[in-house]
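Here the structure is laid out as structure tokens; the discussion comes afterwards.
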Amino acid sequence: MIDKYDAVAIESKWQKKWEETKIYKVDENSPKPKWYALTMFPYTSGDLHVGHWFAMAPSDAYARFKRMQGYNVLHPVGFDSFGLPAENAAIKRNIHPRDWTLSNVENMTKQLKSMGPMYDWDRVVVTCLPEYYKWTEWLFLKLYEAGLAYRAKAPVNWCPQCQAVLANEQVEQGKCWRCGTVTTHRDLEQWFFRITKYADELMVHKDIDWPERIKTMQTNWVGRSEGVEVSFEIERKDLDEKEIVVYTTRPDTIFGVSFLVLAPENPLVDKLTTPEHRAEIDAYIEKTRKQTEIDRLSTEKVQDGAFTGSYVINRLTGEKVPVWVADYVLNSYGTGAVMGVAAHDERDWAFATRYELPIRTVITYDGYDPAVKQAECHPEPGKLINSGKFNGMESTSAISAIAQYIEEQGWGKRTVRYKLRDWLISRQRYWGAPIPMIYCEKCGIVPVPEKDLPVLLPDNIEFRPTGESPLKYCEEFINTTCPKCGGPGKREIDTMDTFMCSSWYFLRYCDPHNSKEAFSKEQLKKWMPVDIYTGGAEHAVMHLFYSRFFIKALRDMGIVDYDEPFTRLFNQGTVTKDHDKMSKSRGNVVNPDDYVNTIGADTVRTYLMFLGPWEQGGDWDDSGIYGLSRWLGRIWNVALTPYEEKAVSKDAEADYLRLVNKSIAKVTGDIDKLRFNTAIATLMEYTNAITKIRDAGTVSKSIFDTSLRDLLLMTAPLAPHITEELWSRLGYGYSIHQQDWPTYDAELAKDDEIPLIIQVNGKIRDKIMVEPNISEDDAILAAEKSDKVNTFLAGKEIIKKIYVPGKLLNIVVK
RNA sequence: GCCGGGAUGGCGGAAUAGGCAGACGCGGCGGUCUUAAAAACCGCUGAAGAAAUUCGUGUGGGUUCGAUCCCCUCUCCCGGCACCA
């Protein structure tokens, strides 16, 4: 009598043994080829939820698979642990953010260990510890030295809830990415990283295997556009400014300009406003200032604006056009001024219609009739009219022709614009890496010398948010001496955006204990770039984008010699409950611990992988999980039941070996493609087959034993505990996780007979067993022997026969 | 509005260089075991039909000997972007 499969007992036993014997310790001197399997590290939010498991369990299985395939695998783990959630939670509970965060690290470590992953726990990286953030500060200094970090006053996104600024990437549809509060703008002096320097390079994803979706999102985020800056002469001569420069991608429509529009924040507005229009303009500006980003960007909103009273001259036509102010023009893009061509631009059309500004057609369109007033906007290309010497030209070619003409006349120049803005990294909060900069009255901004790093976060501090950094009130922190002149200096009080910490953690994983450098060149060379990076898609224009920027910057500093950090990117889907996103407010959060503590981690792991394709995610269903538990139970039973040969036959052995070898090929291919669901389906079929063979006893004991061994080996990456237990009970040496992945014999996998499908007029009428390489003539002969087929051929004329070798024969009749 | 992805049994999903639709699992039904139940195991399970057979991969059309797969149309769902001139 075999004992019952007791997952919980087995799992804790092996987790302990793995830790004691350090079988997952990374060997830096291994001669095997390296494989860097990276999973996005978790934020120290408190508890590990089922979403973490969905991210971690399959990636762990894949790393284990690679290890069994002979790679020296680096599959590290760490904790993203600076940032606002920790600070907010600490305020709520009245404890220090450090204590809160570190207790979460401890708790999450325990939870992660219960999953049975192959992490090397000696290489854990925690971003909020000085041994890590010392090097975050160092990287800031390197970027500063390279001219990629600068301080500037600019209108920045402000979250009133978080009491801190946000980078553009962190504002989603006018709301804070973290708390969903509608953001506002503030003019503040802040630190920026010059990510725009790499705009062109960040747009392209050369030689990397990333999902199309993420690449498109990043490319759109950079938002490159080619256009022309054209100047319009200001009619009034009483101003210092003589012209207004606009940016346009449609110079082909320039003969149709009937007004100009300035953004409300454009400094020219004040100067161009005439006394008669002063009151109206001021009222309009005041109104737009009060608007939130949401209102301003709303597509439902009517286009509104106000007339400045001033005019400019369109140099191409010599015409005088009015200058308006409207908030549909953004000051942060282009020149903060656009030309209004109502006939061929939707927004200009709406604006002109509202204020009854002239509409002039300069491109013909379907149904164009000069005698009839244009009834709707036509932005599509066509032939030019009313455009002087460019009349008759196709608008597509007129774009460059007119651009060239403008350049020749000295009225403007062709230029490239991007939507991408520099990355704002200052945060007015406590729980982040200090920005290692000192302000000296005599010397100005002075970087902290490398030898003085890290600038430590003071412990004893009141960190309630006030809109200013809490560090401002910490005398012992703020007061220092200027490294240059030795006089009194004051430290930078803002801390860095947490995305700064997570933009390089994968480099630290390569050399986590280095106390002399952020990482050694040798270790970086050994492991980087990352072979496969798995995680959620929500970081498309944040973390993934910033990390690419970092690598490009480090490359230009000569620190690394490749262009991209992540060779392959894979985004897993999300796990839902009853097809809803899991959330505390819905009360539908699945706690993995409940299942791990009852039916076991192996079941939870395999269930999550069986749920559906990894990239699609899936719906957690309590009853579905027992299917996996049963499957593991069947493996348990088949492995521990003694095998008896009963009626061994060569035919049965050949059939069985065919199935075994086919299965090995299929499972290997599926796991390699991260298709765990079909890999498990195949292993289930394999299990069913081996169970039947055990009962029938029709193969030799050695064939049975080898097939059982292969089943355990292939299941090992997915369910590491039960397979280790069975491996040990069957008398194989410790550990199954240090074995080679099984190989298959293509000869043995070959079929000796295949079903040939016989169709009549494309409908299946019979299936006959034939040898795999049967000729067309023999196939036809065989088909003619089938009564089923003949029924459908009777009295019909055969028109043609289509034969697909090894698959089917289709007889077309009339 | 624009871009991207998707729609297959009661459910999650298999299967596409165009060639057996529904693998595998869940659920359901029936059975074995049991005093009984649970668990476990075995069998059946797309629809209609007594059967032969017919119908069936969101809608309508097309290409083809043959379409879940390719082309066009429409509907719905999910994700992203959204006044970028």
Side-chain angles (χ1 to χ4, degrees), chain A residues 4 172-174 211-217 219-221 223-225 227-228 246-251 253 261 263 296-299 301 303 326-330 332-341 344-348 350-351 379 417-421 537-538 540-541 571 573-574 576 579 606-607 610-613 615-628 630-631 633-634 637 666 675 677-688 691 695 755-764 766-767 788 791 799-804 806-813:
Chain A
K4 231 176 146 236
E172 294 171 349
Q173 284 157 35
E212 217 46 53
R213 197 162 65 97
I214 304 289
K215 291 197 283 185
T216 308
M217 276 165 75
T219 305
N220 291 345
W221 188 256
R224 179 190 161 99
S225 84
V228 189
V246 305
Y247 173 72
T248 181
T249 54
R250 294 292 304 272
T253 64
V261 190
R296 177 164 173 174
L297 297 179
S298 165
T299 42
K301 192 189 113 198
Q303 306 273 22
D327 67 358
Y328 80 87
V329 177
L330 307 173
S332 52
Y333 184 78
T335 58
V338 304
M339 60 186 207
V341 185
H344 308 293
D345 180 280
E346 296 281 1
R347 295 149 301 181
D348 297 345
F351 192 72
R417 290 277 173 181
Y418 303 90
K419 290 188 207 174
L420 182 68
R421 300 297 132 72
E538 67 274 14
V541 291
N571 294 123
T574 41
T576 54
H579 302 282
T606 50
Y607 175 59
F610 187 65
L611 213 49
E615 69 270 27
Q616 271 176 40
D619 196 55
W620 180 282
D621 173 21
D622 275 347
S623 60
I625 197 169
Y626 293 102
L628 280 298
R630 270 175 222 147
W631 169 54
R634 286 206 302 278
N637 290 334
K666 171 86 171 132
R675 293 214 283 254
N677 56 331
T678 50
I680 290 175
T682 306
L683 287 170
M684 284 171 167
E685 288 180 83
Y686 192 136
T687 309
N688 295 342
T691 304
D695 296 343
L756 185 74
I757 295 147
I758 313 294
Q759 297 183 331
V760 178
N761 284 351
K763 286 197 194 284
I764 291 147
D766 204 0
K767 275 180 238 177
K788 283 186 193 168
T791 319
I799 297 168
K800 63 172 159 177
K801 294 168 185 145
I802 291 146
Y803 178 63
V804 183
K807 280 211 172 122
L808 87 161
L809 176 71
N810 186 13
I811 304 169
V812 185
V813 298

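In what follows, every heavy atom counts, from backbone to side chain, and hydrogens, waters and symmetry copies are set aside. Proteins get letters first, then strands, A, B, ... in listed order; numbering begins at 1 in each.
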Nearest-Å distance for atom pair CG/C1', residues A:N810 and B:G18: 13 Å
From CG (A:N810) to CD1 (A:I764), nearest 0.5 Å: 9.5 Å
Counter-base of B:A40, judged by Watson-Crick or G-U geometry with both distances under 3.5 Å: B:U32
Rounded P spacing from B:G28 to B:A38 in Å: 11 Å
Test log, rule side-chain contact (heavy atoms from CB on, under 4.5 Å), inputs A:R417 and A:T335: CA-CA 10 Å; A:R417 290 277 173 181; A:T335 58; 4.0 Å; yes
Base-pairing mate for B:C2 - Watson-Crick or G-U, with both contacts under 3.5 Å: B:G80
Pair partner, B:C70 [Watson-Crick or wobble, under 3.5 Å]: B:G62
Distance in Å, A:Q616 CD paired with A:T574 OG1, rounded so as to fall on 0.5 Å steps: 10.5 Å
Criterion side-chain contact (heavy atoms from CB on, under 4.5 Å) on A:L628 and A:I680, from CA distance to verdict: CA-CA 9 Å; A:L628 280 298; A:I680 290 175; 4.2 Å; yes
Rounded distance (Å) that lies between atom P of B:C65 and atom NZ of A:K807: 19 Å
Interatomic distance where CG belongs to A:D345 and P belongs to B:C83 [whole Å]: 13 Å
Nearest-angstrom distance from the residue atom OH of A:Y333 to C1' of B:A85: 7 Å
Sugar-phosphate only, base, or nothing, as touched by A:V338 at under 4.0 Å among non-hydrogen atoms: base
Residue pair A:Y328 / A:D348, side-chain donor-acceptor N/O under 3.5 Å: yes
Euclidean distance for C1', B:C3 against B:U53 (whole angstrom): 48 Å
RNA chain B: 5'-proximal contact among A:G612 and A:K800 (nearest heavy atom): A:G612
Span that lies between the P atom of B:C11 and that of B:G58, in whole angstrom: 13 Å
Contact letters for nucleotides 48-54 of chain B, in which S counts primed atoms plus P, OP1 and OP2 and B counts the base, heavy atoms under 4.0 Å: ------S
Separation of the P atoms in B:C69 and B:A17, to the nearest angstrom: 13 Å
Pairwise C1' distance, B:C24 and B:A14 [rounded to whole Å]: 7 Å
Closest approach of A:P379 to A:R250 (non-hydrogen atoms, all atoms of both residues): O-NH1, 2.9 Å
Candidate pair A:L611 and A:Y607, rule side-chain contact (heavy atoms from CB on, under 4.5 Å), full reasoning: CA-CA 6 Å; A:L611 213 49; A:Y607 175 59; 3.2 Å; yes
Contact state string [nucleotides 4-9 of chain B, B base, S sugar-phosphate only, - no protein heavy atom under 4.0 Å]: ------
Euclidean distance, A:L808 CG relative to A:Y803 OH, rounded to 0.5 Å: 9.0 Å
Any strand: nucleotide that pairs with B:U75 via Watson-Crick or wobble, under 3.5 Å: B:A7
Distance in angstrom units between A:Y328 OH and B:C83 C1', rounded: 9 Å
Rounded P spacing from B:C70 to B:A15 in Å: 15 Å
Nucleotide paired to B:A17 in any strand shown, Watson-Crick or G-U, under 3.5 Å: none
Separation of B:G66 P from A:I802 CD1 (nearest whole Å): 8 Å
Of A:V804 and A:G617, the one whose closest RNA chain B nucleotide lies more 5': A:G617
Contact pattern, 5' to 3', of nucleotides 20-29 of chain B - B, S or - by protein heavy atom under 4.0 Å: BS-BBSSS--
Distance, P atom - from B:C41 to B:U59, rounded to whole angstrom: 38 Å
Considering all heavy atoms, the nearest A:Y247-A:G334 contact: CB-CA, 4.2 Å
d(CG, A:L611; C1', B:A14) in whole Å: 15 Å
Heavy-atom side-chain contact between A:R675 and A:N677 under 4.5 Å: yes
For the student: nearest non-hydrogen atoms of A:M339 and A:T248, plus distance: CE-OG1, 3.5 Å
Whole-angstrom distance between B:A67 and B:C76, as gauged at atom C1': 23 Å
Any side-chain heavy-atom pair of A:L683 and A:F610 under 4.5 Å: no
Glycosidic class, syn or anti, of B:G9 using a 90° window around 0: syn
Rounded distance (nearest 0.5 Å) linking atom CZ of A:R213 with atom CE of A:M217: 6.5 Å
Min side-chain heavy-atom separation A:T253-A:D345 under 4.5 Å: no
Pairing nucleotide - B:A52, Watson-Crick or G-U, each distance under 3.5 Å: none
Spacing between A:M339 atom CE and B:C83 atom P, to the nearest angstrom: 20 Å
For B:G27, the Watson-Crick or wobble partner whose two distances fall under 3.5 Å: B:U45
